[in-house]
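Each chain gets a letter, A, B and so on, in the order the sequences are listed, and its residues count up from 1.
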Protein chains: 2
Amino acid sequence: MTDKGQAGSGRKRTVGRPRRIEAQQIVDVARRIIREEGVEAVSMRRVAKEVGATPMALYHHVRDKDELLLLTLQGMAATFPRPALPADPRDRLLTTAVHMHTILSEVPWVLDVLSLGDLTDKEALWMPEEIIGSAIACGLTPTQALHAYRTIWYVVYGALVFQRADARRAADPERRPFFPTFLTEEDAVALPRMTEMAANWQESKGRYDIAEQLEAVVDGLLRKGRRHASQSPNS
Amino acid sequence: MTDKGQAGSGRKRTVGRPRRIEAQQIVDVARRIIREEGVEAVSMRRVAKEVGATPMALYHHVRDKDELLLLTLQGMAATFPRPALPADPRDRLLTTAVHMHTILSEVPWVLDVLSLGDLTDKEALWMPEEIIGSAIACGLTPTQALHAYRTIWYVVYGALVFQRADARRAADPERRPFFPTFLTEEDAVALPRMTEMAANWQESKGRYDIAEQLEAVVDGLLRKGRRHASQSPNS
DNA sequence: ACCTGAACACCGTTCAAGT
DNA sequence: ACCTGAACACCGTTCAAGT
């Protein structure tokens, strides 16, 4: 337990002080804390305590807290079953996009780590691969397909962020909502639509259907391909 | 300076200990710190120090740190000139959406406050008003228009979040990027597109054109209206 | 090589007391 | 009514020293 196989070198490490904690232990503990209490409960000190070491011992295995969180993400995607996809590329694309939203809404804490910006989990790459591949099959150039993927990802990500914000505010009974209560009668002149919508603002949030929206977005993004597919098939 | 006009009551406050700090002072200081050093530099203790009071004095004027940040946002939109909009509703919608992205990319710290989820700044409401109104003019029902606005907002918000993440990582010379360096030759079989794109991954980010993407998204979202406009004009 | 201990420079917020 | 002082329960990270 004090040594660790080194892929490539083929030799066990024998020099220096033996390890007391493994990087994997640290990541496992962080993952459990997140699952049970949320990302905001993760701190270097807390993880260290639960792993049975001082805070500083962690810095021997991870560069900083951001890296620990990024590692925590690794392998997450593998825990979700990969869905069966339809044959038509446009439908494959859409199904994959909706699937991204579905799995992430079950693990909303991931959003904070994802916003650090790096792709870290190889098991998750089949989704951009599928979306980009399908977009190309629909007539987009590789570059257009990549940009389309980004746009789709932004819709999914944004929807999840504000979905979570709503859930958080709903959970806090002390909250005093700013909008739409601060609209006055004078505002109705300059802001007729907003005033009209104000009454069932909360309710309308519940009616937002991500699959329906993604369908419209995807169709918009693929139109470029349909138009030019026969004229310029390369990027 | 020790009293404050009370709108509605019409009487100056004369009871109790005179005020030493005004809520507006607190917000102003917070805004300056954000402008000069970023949101992460704002703390109750720091603001209190610069306003010349103890941390706890702030809690007499704002409920907590979140409320302070929300107040900081108020009036932000008024500092940006409102653009001239074209006559055609589809173009008005698109121009407004791009404008949202443009002004927010100049004040990226706002993103963190916006993700708290509340609309707080009345001066910013002309943008959703314009987008929703134009969408209705293009044939969407009010409900469809509201949902379309949300989707557009998610694209704008997502693009800004990851744009900022890229800028942050680019500023940190110590960073070791995970993707695409961790792709092996075996991965090329399962992930041909991702492997293909890996070479100019960074470069392709720079080529992402938000206006072009929003145009496709908007057209996708408006199609529903064009199809059904003559059949079912109400929600 | 790996880990500890002490320290630095911070946080948000509660509570009781003062003016 | 408004503000202070002290305290509670935390943070991430650096640095020098120990095994």
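- Base pairing in DNA chain D yields stems of at least 3 consecutive Watson-Crick or G-U pairs, both distances under 3.5 Å, namely C:4-8 with D:12-16, C:12-16 with D:4-8.
- dC10(C) and dA9(D) have their P atoms separated by 23 Å, given to the nearest Å.
- Here dT4(C) presents its C1' atom at 11 Å from NE2 of His60(A), a figure rounded to the nearest Å.
- To the nearest angstrom, P of dA1(C) lies 17 Å from CD1 of Ile21(A).
- If you measure from atom NE2 of His61(B) to atom P of dC2(D), you get 6 Å, rounded to the nearest angstrom.
- The side chain to side chain donor-acceptor pair (under 3.5 Å) test applied to Gln163(A) returns His101(A), not counting sequence neighbours.
- One atom, CZ of Arg63(A), and another, P of dT13(D), lie 11 Å apart when rounded to the nearest Å.
- Residues passing the side chain to side chain contact (heavy atoms under 4.5 Å, CB included) test with Lys49(A): none are found, sequence neighbours excluded.
- Two residues are said to be in side-chain contact when any heavy atoms from C-beta on lie closer than 4.5 Å; Leu160(B) and Val156(B) meet this criterion.
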Restricting to nitrogen or oxygen on both sides, can you table the protein-nucleotides 17-19 of chain C pairs closer than 3.5 Å?
unit_1  : atom_1 : unit_2   : atom_2 : d
dG18(C) : N2     : Arg17(B) : NH1    : 2.2

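- With sequence neighbours excluded, the residues satisfying ring pair (Phe, Tyr, Trp, His ring centres under 6.0 Å) with Tyr154(A) are Phe162(B), Tyr208(B).
- The distance from atom CE of Met56(A) to atom C1' of dT14(D) is 7 Å, rounded to the nearest whole Å.
- For Arg164(A), the side chain to side chain donor-acceptor pair (under 3.5 Å) criterion is met by Asp112(A), not counting sequence neighbours.
- Note on Arg20(A): a side-chain N or O is less than 4.0 Å away from OP1 or OP2 of dT4(C).
- Side-chain nitrogen and oxygen atoms of Arg19(B) include at least one within less than 4.0 Å of the OP1 or OP2 phosphate oxygen of dC2(D).
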How would you summarise protein contacts on nucleotides 7-12 of chain C per nucleotide, using B for base, S for sugar-phosphate only and - for none, with heavy-atom distances below 4.0 Å?
B---BB
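- We find that Glu50(A) and Arg32(A) are joined by a salt bridge, their nearest charged nitrogen and carboxylate oxygen being less than 4.0 Å apart.
- Shown here are the side chain to side chain donor-acceptor pair (under 3.5 Å) partners of Lys122(B), two or more places apart in sequence or in another chain: Asp187(A).
- Each ring pair (Phe, Tyr, Trp, His ring centres under 6.0 Å) pair with one or both residues in residues 43-64 of chain A, not counting sequence neighbours, would appear here, but there are none.
- Listed by chain and number, the residues in a salt bridge (Lys or Arg N to Asp or Glu O under 4.0 Å) with Glu212(A) are Lys224(B) (sequence neighbours excluded).
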Pair up each side-chain donor or acceptor in residues 68-79 of chain A with any protein partner under 3.5 Å, not counting sequence neighbours, and list the distances.
unit_1   : atom_1 : unit_2   : atom_2 : d
Thr72(A) : OG1    : Leu68(A) : O      : 2.7
Thr79(A) : OG1    : Met76(A) : O      : 2.6

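- Under the rule for a side chain to side chain donor-acceptor pair (under 3.5 Å), Thr96(A) has no partner lying at least two apart in sequence or in another chain.
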